[in-house]
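One structure below.
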Amino acid sequence: MAPCENATTVHTGGKVVSSTLLFTAGLIGNIIALAILYKHKKETRHVSVFYILVTGLVVTDLLGKCLVSPMVFVSYATNLTLKALPQHDGLCDYFSFSMSFFGLASMFFLFTMALECWLSISHPFFYEEHFTRRRVIVVFPAVYLCSLLICCLPFMGLGTTKQYCPGTWCFFNMARDGKNSVSFSVLYATLMAILIGAVLVCNTSAAVNLIKMFKQQRQRSNSSLRGSRGSRASRVRRFAHYQELDNLILLVLMNVIFLICSLPLTIRAYIGAFAPDNSDEDDLTALKFASVNSIVDPWVFIIFRTSFFRRIVFACCKDSAQS
């Protein structure tokens, strides 16, 4: 692949059809997901904290698609790269900032969702006292502020922006051509790796504790008298556990997708910093993987909300818990 860092025309390898299809799929998926969340709010008096955080994630993904993709289409339509577009000053920097900002913000939301799920299962009394719906709203400005401060570092001299082939993408430079570019790419990759690790720890701990709860509930049900009061209490506990299982499975699915999409970018950032191979093609592939996350996430949520899919997953989890 020819270098595109300073190119003025879009590289012939660019595929506008695939970009259009991905954008359309992401836009439709996020809109449907928001409609499902709105319907859930109408049907449920008290929307759970988890679903408030899911809404934040979907809105963040939607904003990311709407604020980034139009520039790609303009670039294809004019056959000019981002750096060659009229009044292009700062456009490449803006594209790079938006990509890194919305990617990091989505990861922060997934981490908050994992933390909320873990606390609700492993520390229910602490969760009930401190994790209220009013307090969780603070998560939104906190996530955006932290992401903003970190992703603004390249504008302060820590890192540089690079235009990638076919000339319709810009992101921070992941190649070791200067101390500053290495510093930011390693910082970004390390932060993403830490958040991914924290999410995995929270999900694993929550899953282990939830399986223990199901086994204890099954033992109590088998040994206790089947009185009307006892059976009602048992049903209430079982319903609460299934709600927690519902949230956990959805969270795990979303995090698996995010891991698959974000890991290539993290790996490429470390390779560019410590063992540069100057492969723009591999860097671009990693960027494409990262952009796919905001497209797949809402569709994972939509598919999981179907009753058929949830019955299959719950049946499998129930069998695992009873074994």
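Basis for what follows: all heavy atoms, side chains included, without hydrogens, waters or symmetry-related copies.
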Short side-chain to backbone donor-acceptor contact, W299 and A25, under 3.5 Å: yes

query: Does some side-chain heavy atom of M99 sit less than 4.5 Å from a side-chain heavy atom of F172?
result: no

message: Could you report the tightest heavy-atom contact between P298 and A33, atom names first, then the distance?
response: CB-CB, 4.0 Å

From CA spacing to verdict: side chain to side chain contact (heavy atoms under 4.5 Å, CB included), T190, Y270: CA-CA 9 Å; T190 302; Y270 279 116; 2.6 Å; yes

query: Can you check whether N203 reaches W118 side chain to side chain, under 4.5 Å on heavy atoms?
result: no

Atom CZ of F155 with >12 non-hydrogen neighbours under 6.0 angstrom: yes

- line: Interatomic distance, CG@L110 vs SG@C202, rounded to 0.5 Å, equals 11.5 Å

query: With distance as the sole test, does T204 use its side chain to make a donor-acceptor pair with the main-chain N or O of V201 at under 3.5 Å?
result: no

message: Between T161 and F171 (side chain of the first, backbone of the second, donor and acceptor by atom type, cut-off under 3.5 Å), is there such a pair?
response: no

message: Are the side chains of S106 and L57 in contact, using a 4.5 Å heavy-atom criterion?
response: yes

- request: Report the C-alpha distance between C151 and L104 in whole Å, list the side-chain angles of each, state the deciding distance to 0.1 Å, and finish with yes or no for side chain to side chain contact (heavy atoms under 4.5 Å, CB included).
  value: CA-CA 9 Å; C151 295; L104 187 60; 4.2 Å; yes

query: Under the side chain to side chain donor-acceptor pair (under 3.5 Å) criterion, do Y76 and T20 qualify, and how do the steps go?
result: CA-CA 10 Å; Y76 275 120; T20 303; over 6 Å; no

Interatomic distance, L91 atom CG to S96 atom OG [nearest 0.5 angstrom]: 11.5 Å

query: Are M107 and V199 close enough that some pair of their side-chain heavy atoms sits under 4.5 Å apart?
result: yes

message: Just so I know, are the side chains of C146 and F108 near enough to count as touching, which here means a heavy-atom distance under 4.5 Å?
response: yes

message: Please determine whether residues M156 and F101 belong to a single hydrophobic cluster, defined as Ile, Leu, Val, Met, Phe, Trp and Tyr linked transitively by side-chain heavy-atom distances below 4.5 Å.
response: yes

query: When clusters are formed by joining ILVMFWY residues with side-chain heavy atoms under 4.5 Å apart, either directly or through shared neighbours, do L67 and I28 land in the same one?
result: yes

- prompt: Which atoms form the tightest heavy-atom contact between M192 and S262, and what is the distance?
  reply: CE-CB, 4.1 Å

- request: Give the cluster check for I194 versus L263: same hydrophobic cluster or not, with ILVMFWY residues linked at side-chain heavy-atom distances below 4.5 Å.
  value: no

- request: Considering non-hydrogen atoms only, spot the tightest contact between S185 and N173 and give its length.
  value: CB-O, 4.0 Å

message: If you define the side chain from C-beta out and look only at heavy atoms, does anything of Y94 sit under 4.5 Å from M71?
response: yes

message: Between Y51 and L37 (side chain of the first, backbone of the second, donor and acceptor by atom type, cut-off under 3.5 Å), is there such a pair?
response: no

task: Could you grab the distance from atom CD1 of I150 to atom CG of L145, nearest 0.5 Å is fine?
output: 9.5 Å

- request: Kindly determine whether F111 and I196 satisfy side chain to side chain contact (heavy atoms under 4.5 Å, CB included), including the steps that lead there.
  value: CA-CA 8 Å; F111 167 69; I196 290 172; over 6 Å; no

Verdict with supporting geometry, C170 and C92, disulfide bond (SG atoms under 2.5 Å apart): CA-CA 5 Å; C170 283; C92 195; 1.8 Å; yes

- request: Please tell me if the side chains of I257 and V292 come closer than 4.5 Å, counting only heavy atoms from C-beta onward.
  value: no

task: Please check if L195 and L200 belong to a single hydrophobic cluster, counting links between Ile, Leu, Val, Met, Phe, Trp and Tyr side chain heavy atoms closer than 4.5 Å.
output: yes

message: The test is side chain to side chain contact (heavy atoms under 4.5 Å, CB included); show your working for Y164 and D283 and say whether it passes.
response: CA-CA 8 Å; Y164 290 87; D283 289 343; 3.6 Å; yes

query: To the nearest 0.5 Å, what is the distance between CG (L27) and NZ (K65)?
result: 9.5 Å

message: With a sphere of 6.0 Å drawn around CZ of F140, does it hold more than 12 non-hydrogen atoms of other residues, nucleotides or ligands?
response: yes

Side chain S147, main chain Y144, donor-acceptor under 3.5 Å: no

- line: N30 and G26 have their tightest heavy-atom pair at ND2-O, 2.7 Å

Nearest-0.5 Å distance, CD of residue E116 to CD1 of residue I52: 9.5 Å

- prompt: Among the clusters formed by ILVMFWY side chains lying less than 4.5 Å apart, do F109 and V256 turn up in the same one?
  reply: yes

- prompt: Do you know the tightest heavy-atom contact between I260 and F289?
  reply: O-CD2, 3.9 Å

Euclidean distance, D61 CG relative to L34 CG, rounded to 0.5 Å: 10.0 Å

query: If we only count heavy atoms from C-beta on, is the F102 to L63 side-chain gap below 4.5 Å?
result: yes

